[in-house]
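Take a look at the structure below.
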Amino acid sequence: MKKLIYLDNAATTKTAPQVVEAMIPYFTEHFGNPSSVYSLAAESRKAVTEARETIAKALGAATEEIYFTAGGSEADNWALKAAAESYSSKGKHIITTKIEHHAILHTCEWLEKKGFEVTYLNVDENGVVKLEELRRAVRPDTILISVMYANNEIGTLQPIREIGELARERGILFHTDAVQAFGHVPIQVEELHIDMLSASGHKLNGPKGIGFLYIRKGLKLRSLIHGGAQERKRRAGTENVPGIVGFGKAVERAFASMEERTSQERELRDYLIDRVLKEIPYTRLNGHRTSRLPNNANFSFQFIEGESLLIMLDMEGICGSSGSACTSGSLDPSHVLLAVGLPHEIAHGSLRLTLNEEITREDLDFVVEQLKRIVEHLRSMSPLYEDFMRRR
Ligand SMILES: *Cc1c(COP(=O)(O)O)cnc(C)c1O
């Protein structure tokens with residue numbers, strides 16, 4: 001059997017064995033409901049508290065500022081909808097960017113139908129928000145700025161500190177979708193003036209279906225789900241104890257190894273980028289060359305279809321992505337690649353490869369060899385390429 005080379009860690013990551021191991025007792029002997037009074041329940045309660053402490057510490061936040069949700073999408077929805085509603089007496093204008101995850105963009109579209117006005121900021125050719133444009137977009141009735149920490153497709157990191165300072169100066173709430181960044185780059189919410197932050201377990205070797213929203217103390221934000229008194233009465237429902245425990249373990253693990261792991265990823269990422277750009281003609285790198293997630297590479301190969309490339313890579317045991325997992329299956333080119341200014345036909349020939357700590361240089365050598373072969377093969381069948389070569 002072929003070795004599987006998994007290069008789609010922006011879509012999801014493998015649950016770490018230590019994470020699974022930590023979770024199992026909370027399905028078996030420690031199955032109690034944290035809200036009950038007997039000592040069996042105290043075990044669950046204690047585990048949830050410990051995970052919350054681990055996560056809060058990682059962000060430089062207080063434990064009571066962490067609210068568990070069923071993932072990143074839920075945290076994004078909560079932050080935007082609740083902030084919009086809770087602060088609507090002050091104004092109805094929201095600022096975000098054109099390159100957000102659909103959990104933000106589709107929530108904004110929904111808010112527009114509810115009477116809110118949304119400004120979608122442009123980004124430059126590297127996918128970075130322009131601070132001058134943000135400054136100009138701020139109005140007296142702006143209540144919320146939501147800008148992602150790092151982009152899930154092209155990996156570009158945003159000037160979060162500057163955005164946080166600007167928002168704080170103007171008295172505007174600042175939310176960041178840090179689902180891709182949390183556990184991969186250091187984040188301190190106080191220093192960066194972040195009011196709300198979304199994260200998700202399965203993007204850092206934790207379980208799926210668990211996430212959190214950080215809500216700065218003192219912020220008046222309505223409850224997401226009404227019911228019991230869980231999560232300080234803001235998000236009702238019996239806690240996903242095994243998920244929370246697994247998330248806590250994943251965070252512990254990710255932060256303990258962050259420096260070493262990400263410097264290794266960065267080195268291999270750059271090795272991959274250098275070889276692909278050097279050895280495959282008519283190729284570009286998408287996203288910022290250096291200010292990007294340590295494990296993200298995103299290329300556009302002219303004259304080919306990303307979908308065909310993915311299928312042929314899969315036949316070699318290589319998992320990649322042509323955009324975000326949410327856009328695959330549709331033929332629309334990625335909204336992120338269009339926002340950085342790529343024409344449709346080039347955006348279509350894109351490939352995202354996202355590394356993890358298990359990937360080796362030998363794996364990448366194999367990937368580059370396969371990419372060279374497949375891209376050449378696909379181009380040999382392209383009338384556009386033939387035409388281009390003839391005219392050259
Ligand atoms: C994966 C992702 C989400 C959604 O998180 P889920 O836990 O899968 O709901 C939101 N935003 C970004 C940037 C993501 O990468």
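As the structure is a computational prediction, the values presented were derived from the model and not from experiment. Both counts, for ligands and for their atoms, begin at 1 and track the order of listing.
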Compile the donor-acceptor pairs under 3.5 Å between side chains in residues 186-197 and protein atoms, sequence neighbours left out, one pair per line.
| unit_1 | atom_1 | unit_2 | atom_2 | d |
| --- | --- | --- | --- | --- |
| His193 | ND1 | Arg168 | NH1 | 3.4 |
| Asp195 | OD1 | Arg168 | NH2 | 3.3 |
| Asp195 | OD1 | Arg216 | NE | 2.6 |
| Asp195 | OD1 | Arg216 | NH2 | 3.0 |
| Asp195 | OD2 | Phe174 | N | 2.8 |

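For ligand 1, the protein residues within 4.0 angstrom (heavy atoms only) are Gly71, Gly72, Ser73, Asp76, His101, Met148, Asn152, Asp177, Val179, Gln180, Ser200, His202, Lys203.
With sequence neighbours left out, the salt bridge (Lys or Arg N to Asp or Glu O under 4.0 Å) criterion links Glu132 to Arg135. Partners of Ser300 by side chain to side chain contact (heavy atoms under 4.5 Å, CB included), not counting sequence neighbours, listed by chain and number: Arg284, Asn286, Leu342, Ile346, Ser350.
Salt bridge Arg253/Glu357: present, at least one basic N to carboxylate O contact under 4.0 Å.
For the residue pair Asn122/Lys98, the side-chain donor-acceptor check at 3.5 Å is satisfied.
In the hydrophobic clustering of this structure, Ile280 does not group with Tyr385; members are Ile, Leu, Val, Met, Phe, Trp, Tyr whose side-chain heavy atoms approach within less than 4.5 Å, directly or through other members.
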